[in-house]
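This report refers to the structure that appears directly beneath it.
Just so you know, residue 1 is the first one in the sequence shown, and it goes up from there. Just so you know, ligand 1 is whichever comes first in the structure, and atom 1 is the first atom listed for that ligand.
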Amino acid sequence: MLVKTMVLNAEVVRKDFPILQRTVHGKRLIYLDSAATSQKPKCVIDAEREFYERYNANVHRGAYLIAEEATSAYEAAREKIAKFINAPSKDCIVFTRGTTEAINLVAYSWGWANLREGDEILLTEMEHHSNIVPWQLIAQRTGAKIKVVPITDDGLLDLDEFERLLTERVKIVAVTHVSNVLGTINPVQEICSKAHEVGAIVLVDGAQAAPHLPIDVQAIGCDFYALSGHKMCGPTGSGVLYGRKDLLESMPPFLGGGEMIRTVTFEKTTFNDLPYKFEAGTPPIAQAIGLGVAVDYLTKIGMGRIRAHEIELVAYALERLKEIDGITIYGFAPPEQRGGVVAFNIGEIHPHDLATFLDAHGICIRAGHHCAQPLMRRFDVAATARASFYLYNTQEEIDALVEALEKAEKFFGR
Ligand code: PLP
């Protein structure tokens, strides 16, 4: 048994999340699907409501008080996010709807302008579809080729293969910081420095990392970093692309429309400064402001403490889950080298059946391919169950998960 020395008091944290006070099917809600989207603390919900109740107006347009209030709250959120990931300037922070849109922005804007036939895009076998499909679409248009770094049976990136595939043909490496299935934390700093040696740039998919680890984009040395606000206590429809300023400046716009321009005639358009060049149309204003408040919330609790709490939770979950007969856990990275995610199957029980059974016990887990079909194929499975943890989860919830899984095993007659 692990000693219960929580560095963070999740019982206190839970009080900040109204949804965690509700019941489902007459049972206390146990939410173990934060890798899909996190729950939202009351301060974030209040911030969105306050925006609509008190100063709802478009940003960067109106000359009246509430428009100025909206603009300054929106820009303050950008400052907070820059500080949260240690970006050198708020001009390097582009608001998007999430990681998917951030990666598409880079693929279409940078990729379209820079990739040619004979160039290579280096991905890994553990990528989410969001970091595969945009590159395929751009490869089809430019003639560039996709190469894939394999993973080991332990669920780690095969770094020898990475070095072998990293030739001067590679123009961009697009890699996830933390796998949404295996939980593996990839050595992104090392990947960036090796890629730079051959003249390639690196996009890091931080969807599963930014909510859980302290992030310093300058220390990582990445050229782009994408994240989803809704996975880090922020509203849905909020996300961020961090980009190196010189790269963003050299890139053509992704979407055209209002606000991203300086002058427009029917013959020619000139574009706005960073980051507005990449924020065409009315942005997700309330969502960005809510994300700023989420960042304040996480910062106040401390990303180091959140990380330490999740290491304890994952270590405990791995230990308890291994008690279940016939369980297969995917990925053997030790708790210190993985995020708060555990994917598993139990014998021949279909993960969707497991998830439905657990739902009846008030427990929410994810079942399916987790938008990582190539990774599923690597492990020769169609789907897995996945429990994922965040700052508000407790060891008692993991006990409840294990107890319900043991019941499921009996129910499905293993
Ligand atoms: N990348 C990873 C590793 C993810 O886990 C996810 C979502 O689960 C995404 C990208 C896509 O994020 P979003 O749906 O917020 O755009």
Side-chain angles (χ1 to χ4, degrees), residues 31-40 44 81 85 94-108 123-137 148-149 151 155-157 173-186 188 191 202-213 215 220 222 224-242 254-255 283-284 287-288 290-291 294 310 330-331 333 338-343 364-376 378 383-390:
Y31 187 73
L32 302 178
D33 197 19
S34 294
T37 195
S38 75
Q39 295 304 344
K40 322 301 173 201
V44 169
I81 290 149
I85 60 171
V94 178
F95 282 120
T96 64
R97 281 183 305 127
T99 301
T100 304
E101 188 178 304
I103 296 173
N104 275 275
L105 191 164
V106 177
Y108 280 95
L123 307 179
T124 86
E125 217 174 3
M126 65 170 88
E127 297 310 314
H128 186 283
H129 296 166
S130 292
N131 203 23
I132 300 174
V133 183
W135 298 113
Q136 276 173 342
L137 295 171
V148 182
V149 181
I151 60 170
L156 304 174
L157 264 193
V173 178
V175 57
T176 194
H177 195 166
V178 175
S179 160
N180 65 316
V181 179
L182 307 166
T184 313
I185 301 176
N186 288 319
V188 283
I191 289 170
V202 182
L203 175 142
V204 178
D205 172 349
Q208 298 296 342
H212 306 281
L213 318 175
I215 302 296
I220 292 171
C222 55
F224 296 106
Y225 197 95
L227 61 87
S228 295
H230 70 95
K231 294 185 198 284
M232 48 191 279
C233 296
T236 51
S238 66
V240 166
L241 173 70
Y242 156 77
F254 170 42
L255 301 172
Q287 291 83 344
L291 177 56
E310 289 181 16
Y330 300 94
R338 65 196 287 162
V341 175
V342 183
C364 312
I365 62 156
R366 177 82 180 265
H369 55 60
H370 314 294
C371 300
Q373 287 183 356
L375 183 61
M376 295 292 109
R378 166 68 175 79
T384 77
R386 180 188 72 185
S388 55
F389 312 112
Y390 207 7

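- Less than 6.0 angstrom separates the ring centroid of H129 from the ring centroid of H369.
- Each of N180, T184, I185 was checked for a side-chain contact (heavy atoms from CB on, under 4.5 Å) with Q208, and the lone residue meeting it is N180.
- In this structure, ligand 1 sits under 4.0 Å from heavy atoms belonging to A35, G98, T99, T100, H128, S130, T176, N180, D205, A207, Q208, S228, H230, K231.
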### Query
Does the side-chain hydrogen bond (donor to acceptor under 3.5 Å, both in side chains) test come out yes or no for H370 and T384, once each step is laid out?
CA-CA 8 Å; H370 314 294; T384 77; 2.8 Å; yes

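- Annotation: side-chain hydrogen bond (donor to acceptor under 3.5 Å, both in side chains) contacts of S228 (sequence neighbours excluded): T99.
- Note that the CG atom of L227 and the NE2 atom of H177 stand 12.0 Å from one another [nearest 0.5 Å].
- Between H212 and F389, the distance from one ring center to the other does not fall under 6.0 angstrom.
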